[in-house]
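Below is one structure, written out as structure tokens; comments come after it.
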There are 2 protein chains.
Amino acid sequence: MAETARGTESRYGNRPTMKDVAARAGVGLKTVSRVVNGESGVTPDTERRVQEAIEALGFRRNDSARVLRKGRTASIGLVLEDLADPFYGPLSRAVEEVARAHGALLINGSSAEDPDREQELALALCARRVDGLVVIPAGDDHRYLEPEIKAGVATVFVDRPAGQIEADTVLSDNFGGARDGVAHLIAHGHRRIGFIGDQPRIHTAAERLRGYRAAMEDAGLPEDEAWVSLGTTDAGRVRAAAEAMLSGPEPVTAIFAGNNRVTVTVVRVLAGLSRPVALVGFDDFELADLLQPGVSVIAQDAAALGRTAAERLFRRLDGAQDVAPERIELATRLIARGSGELPPAG
Amino acid sequence: MAETARGTESRYGNRPTMKDVAARAGVGLKTVSRVVNGESGVTPDTERRVQEAIEALGFRRNDSARVLRKGRTASIGLVLEDLADPFYGPLSRAVEEVARAHGALLINGSSAEDPDREQELALALCARRVDGLVVIPAGDDHRYLEPEIKAGVATVFVDRPAGQIEADTVLSDNFGGARDGVAHLIAHGHRRIGFIGDQPRIHTAAERLRGYRAAMEDAGLPEDEAWVSLGTTDAGRVRAAAEAMLSGPEPVTAIFAGNNRVTVTVVRVLAGLSRPVALVGFDDFELADLLQPGVSVIAQDAAALGRTAAERLFRRLDGAQDVAPERIELATRLIARGSGELPPAG
DNA sequence: TCCCGGGCTGACAACGTTGTCTAGGCTCTA
DNA sequence: TAGAGCCTAGACAACGTTGTCAGCCCGGGA
């Protein structure tokens, strides 16, 4: 414990470096570098000696030093809301696959829907000198990223638009999707339709509400304050909102749920009811088809969002710096499974 | 376009460095470093001048250089199977939270259940000099990590044990969980019980099969080759397996599903059947309670697995290097929702 | 025999930061 | 007023790698 194996090739507790490998192989530092990087111009015999030394010492190149020297990290950052959310898993995975195809690693962090945390995370990633950044915004002011973008950090926003700055953005057609979903309910005879959504400061929530309103207006239906409820998506709040709009003298006969978490809670509430209430939810979810009745949804393709964003990002990294920022909108798809086709009860 | 703003404070296209900030503020390099790191010993006036220069130039410290100098990256790596799998989302998030509490970032990658890719990823993370590594093994030989561990990379394996090396491991009680689940079916009168699981080379799959066999044996029940099916968890394979054991002269009256993906497919198969078949699945999943009947499961706590592993890792990083590797096993929990309590039909 | 060219190889600086050490100016006390 | 001591500030080396450049050796041609 007192006497450690110090001073043979490398200091105890420290990793061997190319210098150590070079010393052991009896060659120059640069030759080791050449072998490690598979550069040409090394005789087979020298290469073998170096390889042996690498094996013997358990050498592994220090990428921090490499990055410092080369300027590129071959890694990109992903700032999302919550890795545990089933919507972001596939999105994240899609980004990772594209990154992998470009030889880059993915560093990610969850903002937990907190703008300060988003900023902290994004800037920490910039300090690591990620080559690019994919951001699912929690806040609505991204001017803090301007110096970074100017300095060459390719940045793409996904799922929600950037605030106060111009940048590439990949979105689902939240407005159109919600409008289609509500129109679907209207087509099945509903006139009193509730909307339960996320907090209005969140772009997707606002857009979906706008879609709901557009569909109601298109159909010449009145709107009732009591039919719209916005707020956090925790089960308690959503349950209360649903129960409120389902009671009273003129209860809604159908509900449009603003996202997957809301939908699930609404399904639970409706399961406890005796009369049928129609439901369409935004976002698809596993097993939606197995419930009784199957839950009709507006599906968005999370993987496609991630893939599109990441591809856009690497296109910029591969030279298209001066292309103007673009806003890409992906279509949504109505999947009818039964719950949206129930006729109005009562 | 030809004449760029070169040579004022920093080269065009490159980020400003502390040197640039120092020049602009008219102070020494080290003073900038002090300000950036909030060290003491700088007069308020000097600090203000430096801060102004930082703002003006949009300076952000280069953490690569910092890491090179300091030796610690304040980041840990997570190698898992598939970020898009609903089981790994919460696990990953839990690891991230612990990392965040220790001021570290999380770099992660999916192995896609491919041992070579797992190794490639893990070693790439080591080259980045992550301080520690959380690994959900895809392969069964991890000797390739020995030099890294020896060099000080704290490593913890989760969900499945390390192969061929001694290392900290955090597992669920797969054997006990499966045994309890099958015993639950037996207690409700079943004698012909099927087992559909993942590939036997995967540790969890093997353990769960062992649990199934133990429960059958404990109850003195015979075992039939035709009741056990192991293989990939894609829907086609699982569907075929389920249909096979549900047909013939002596069909099973209950099925134990080896993981969440299998369970979901089995639920689909059973939904198409006229007679009731009992089911218990390993892994809980959202909405299991809303299906008809509710799906009984053996639940493991993915977040607890991740949290426990990450805490173990940081305890090592915080000085407990010489503690012997430990194997921690977390209990599972039977959640009865109806599908496991169906009596044998026919 | 000398010179030239090409293939290998290594010395050295640089990337941007932090730790160490020293210098200079100030205050405080005798 | 001189000396001690503290506080602020900057010069410099080092972290481990890669790019540049120069040197060596060997073979071939004149």
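So that the names make sense, note that chain A is the first sequence line, chain B the second, and so on, each numbered from 1. These numbers were taken from a predicted model, which means no experiment stands behind them. Basis for what follows: all heavy atoms, side chains included, without hydrogens, waters or symmetry-related copies.
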Original post:
Does B/Gly41 or B/Arg69 map to a spot on DNA chain D nearer the 5' end, using the closest nucleotide for each?
Top reply: B/Gly41
**OP:** Measure from CG on B/Asn62 to C1' on D/dT17 and round the result to the nearest Å.
**Re:** 14 Å
**OP:** Tell me whether the OP1 or OP2 atom of D/dG19 has a side-chain N or O from A/Ser33 closer than 4.0 Å.
**Re:** no
Original post:
Would A/Arg100 and A/Glu96 pass as an ion pair if we require N to O under 4.0 Å?
Top reply: no
Original post:
If you look at every strand shown and take non-hydrogen atoms under 4.0 Å, does B/Val36 touch a base, only sugar-phosphate, or nothing?
Top reply: nothing
Original post:
Taking the side chain of A/Leu68 as its heavy atoms from C-beta onward, which of D/dG10, C/dC15, C/dT18 lies nearest to it?
Top reply: C/dC15
Original post:
Rounded to whole angstrom units, what separation is found between the CG atom of B/Asp45 and the C1' atom of D/dA9?
Top reply: 13 Å
Subject >> B/Thr43 or B/Lys70, whichever maps to the more 5' nucleotide of DNA chain D >> reply: B/Thr43
**OP:** Measure the distance from CZ on A/Arg34 to C1' on D/dT20 and round it to the nearest whole Å.
**Re:** 11 Å
Original post:
Taking atom CD of B/Gln51 as the centre, does the number of heavy atoms from other residues, nucleotides or ligands within less than 6.0 Å exceed 12?
Top reply: yes
Original post:
So what does A/Val67 hit on the nucleic acid, given a heavy-atom distance under 4.0 Å: a base, only sugar-phosphate, or nothing?
Top reply: nothing
**OP:** Nearest 0.5 Å please: distance from the CD1 atom of B/Ile165 over to the CD1 atom of B/Ile149.
**Re:** 4.0 Å
**OP:** Look at all strands and tell whether A/Asp63 reaches a base, only sugar-phosphate, or nothing, counting heavy atoms closer than 4.0 Å.
**Re:** nothing
Original post:
Checking all strands, does A/Arg61 fall into the base, sugar-phosphate, or nothing category for heavy-atom contacts under 4.0 angstrom?
Top reply: sugar-phosphate
**OP:** State plainly whether the residues A/Glu326 and A/Arg315 are in salt-bridge range, i.e. N to O under 4.0 Å.
**Re:** no
Original post:
Do B/Asp140 and B/Arg201 sit within salt-bridge range, that is, some charged N less than 4.0 Å from a carboxylate O?
Top reply: no
Original post:
Counting only side-chain N and O atoms of B/Thr46, is one of them less than 4.0 Å from OP1 or OP2 of D/dT8?
Top reply: no
Subject >> Contact under 4.0 Å: A/Thr31 side-chain N or O vs C/dT9 OP1/OP2 >> reply: no
Original post:
To the nearest angstrom, how far is A/Met18 atom CE from D/dT18 atom C1'?
Top reply: 8 Å
**OP:** Side chain of B/Lys30 only, please: which of D/dA9, C/dT18, C/dT17 is the nearest?
**Re:** C/dT18
